[in-house]
Number of protein chains: 2
Amino acid sequence: MNALTPLPEATVVPMAGDCALLPDHALFVGLCAAEQERIAQTFSIHRFNDGAPILLDGAPMVGVIQSGALARVSRSGIGMQTVGLLLCGDLVSPAGPRTSGVLAMALDRTAIFGTSAEHFRALLREVPRLQLNYLDLVATELQATRGWYTMLGRKTAPERVASLILRLSRQSIPGSEGLIDLLLTRDRIGSLLGLKMETVSRQIRAFSKAGVIEMHSPTKIKVLDKAALVRATGDIWRETSRL
Amino acid sequence: MNALTPLPEATVVPMAGDCALLPDHALFVGLCAAEQERIAQTFSIHRFNDGAPILLDGAPMVGVIQSGALARVSRSGIGMQTVGLLLCGDLVSPAGPRTSGVLAMALDRTAIFGTSAEHFRALLREVPRLQLNYLDLVATELQATRGWYTMLGRKTAPERVASLILRLSRQSIPGSEGLIDLLLTRDRIGSLLGLKMETVSRQIRAFSKAGVIEMHSPTKIKVLDKAALVRATGDIWRETSRL
DNA sequence: CGACTTGTTGACCTAGCTCAACAATAGTGG
DNA sequence: CCACTATTGTTGAGCTAGGTCAACAAGTCG
């Protein structure tokens, strides 16, 4: 699931103590006890601080986000572009053979249940069922990514911002009722959505003035009128009839 | 590889008669004779006419394009959007579990070496090596798609059109030296690139006037100055320094 | 030949970028 | 604690790429 993918409702059970070896995630469905055991031996929870690159001894990793959030950033020259956002329950994958400078970075204190890409490859060979699950996830992600970016290329600024807020609203700050953390500066939101910082700021303020959201601090907001936000994404009436 | 993916140099050997069972494609590398045999039993060449949906008895198919080209179109309501382009050597995959109204359509007389998605699934279970290859391809495609759309969201109209022409220039009409077929109407190119028909027309004409391309008919063009086109894609100096 | 699809061109308008000033916030060292 | 600086966010005033509307040309197919 890439940036803002609207589909996947996160379904992570927080490692229920002694009863389950693995979190409840699509990656692990349908595995027998022995297979689960094998995976549990290799996988473990890794924690990253805000801003830390998601690497295990300098190598990429594969896993499932348990808490926190990641940004996929791409370095080209001096500049840095945010090209994707991964939230709780999303699969972290090393983005294919050609990593091409794209790197995952923690946006918060983040816990990932996973292992190194290398070990994961070995696991895939050993556990065919895991391979099928992984393939499904990657294929689904491909589909979602395609869909998302196809829309993104055609969305207006307010539509993009609404989509992002909606995606983030799945993940509210624990405790504080409905309050969500944007996690990113205006500049990085812009980089993610293909907009300029100023435009992002204007759109967020516009939603605030319209009473759709409430701003507590620049990065902490609360959604007041979810229906309005959904409408603002423009996902429904995109019937611009093209041949 | 999705729409316009710039990377993948097609490497398809045209089923060299009796010596090779399978075409030379990344999907089939590293397979033993028995495995190749097994796959060759299931896979076969299917031909589609211009405009035909890529289906086998109404079901989606998986395969490798041998000649011709496909468009990925998405029906929403009445309208039809072109959301991707697959050329010779590209993998045709059923786009994940949720096909969500996206369908492949032949743009030309097109030959695909493949089988139904269902049979392919069975094959994957039988031939682990095929599964690994397929996983690699899907992961690579995911990566390429992500990269492509990330850029697309930020590219200007001339940059988008230049990218498309460059992608298509890999596939020149056999015989006619360097002449390429756009395969799509202006409207559909617009739909693919997120531009309006008029804008596409203007950009193509601009390239023509600048002497970068030569127009023989609206859909048949020849690239005169490839370097200029490459420059026009803006891929190189995209150092807009963002944090 | 006439009807229909596809492409071209011009005139205009608007969303979002650019530039620029300024406000709010968070550190930091005295 | 306060000044001092750096980062991040806000707001306004133009400017421009590309969308919109509209007329027309060029193929194309019966």
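For clarity, every value in this text was computed on a predicted model and none was experimentally measured. Note that these values count all heavy atoms, side chains included, but never hydrogens, waters or copies made by symmetry. Here is the naming used below: chain letters follow the sequence lines, and residue numbers restart at 1 for every chain.
- In this structure, of D:dG9, D:dG18, C:dT9, it is D:dG9 that holds the atom nearest to the side chain of A:T185.
- A heavy-atom distance below 4.5 Å is not found between the side chains of B:V138 and B:L142.
- Between the side chain of A:D181 and the main chain of A:L183, a donor-acceptor pair closer than 3.5 Å is present.
- Remark: side-chain polar atoms of B:Q171 are not paired, donor with acceptor, to backbone N or O of B:L87 under 3.5 angstrom.
- We find that A:D90 and A:R72 are not joined by a salt bridge, their nearest charged nitrogen and carboxylate oxygen being 4.0 Å or further apart.
- For B:P158, the listed nucleotide lying nearest its side chain is D:dG18; candidates were C:dT9, D:dG18, C:dT8.
- Partners of B:F43 by ring pair (Phe, Tyr, Trp, His ring centres under 6.0 Å), not counting sequence neighbours, listed by chain and number: B:F28, B:F113.
- Put simply, CZ on A:R188 is 14 Å from P on D:dT7, counting in whole angstrom units.
- The interatomic distance linking A:I221 (CD1) with D:dG9 (C1') rounds to 15 Å, in whole Å.
- Rounded to a whole Å, the NE2 atom of A:H216 is 17 Å from the C1' atom of D:dG9.
- Note that the two end axes of the helix from C:dC1-D:dG30 to C:dG30-D:dC1 enclose an angle of 40°, each drawn from 5 base pairs, rounded to 10 degrees.
- Atom-to-atom, CE of B:M197 to P of D:dA22 comes out at 14 Å; the value is rounded to the nearest Å.
- Straight-line distance from the CZ atom of A:R154 to the P atom of C:dG16: 16 Å, rounded to whole Å.
- When each of B:L184 and A:Q203 is assigned the nucleotide of DNA chain C with its nearest heavy atom, B:L184 is the one assigned upstream, toward the 5' end.
- Here C:dT9 presents its C1' atom at 18 Å from NZ of B:K196, a figure rounded to the nearest Å.
- Distance CG (B:L193) to P (D:dG19): 11 Å, rounded to an integer number of Å.
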With side chain to side chain contact (heavy atoms under 4.5 Å, CB included) as the criterion, how do B:L137 and B:H25 come out once you've worked through the C-alpha distance, each side chain's angles and the decisive distance to 0.1 Å? CA-CA 10 Å; B:L137 283 175; B:H25 189 275; 3.9 Å; yes
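- The phosphate of D:dG18 (OP1 or OP2) has no side-chain N or O of B:T199 nearer than 4.0 angstrom.
- Comparing C:dC17, C:dT8, D:dT10 against the side chain of B:R186 picks out C:dT8 as the nearest.
- Within the 4.0 Å cut-off from OP1 or OP2 of D:dG9, not a single side-chain nitrogen or oxygen of A:R205 is found.
- Across the protein-nucleic acid pair, B:R160 atom CZ and D:dG18 atom P stand 8 Å apart, rounded to whole Å.
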For nucleotides 19-25 of chain C, just jot down a letter per nucleotide in 5' to 3' order: B, S or -, based on protein non-hydrogen atoms under 4.0 Å. BB-----
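- Residues A:P218 and A:R186 form a side-chain contact, since some pair of their non-hydrogen atoms from C-beta on lies under 4.5 Å apart.
- Looking only at atom types and distance, the side chain of B:S169 has no donor-acceptor partner in the side chain of B:K226 under 3.5 Å away.
- Within a 6.0 Å sphere centred on CZ of A:R109, heavy atoms belonging to other residues, nucleotides or ligands number more than 12.
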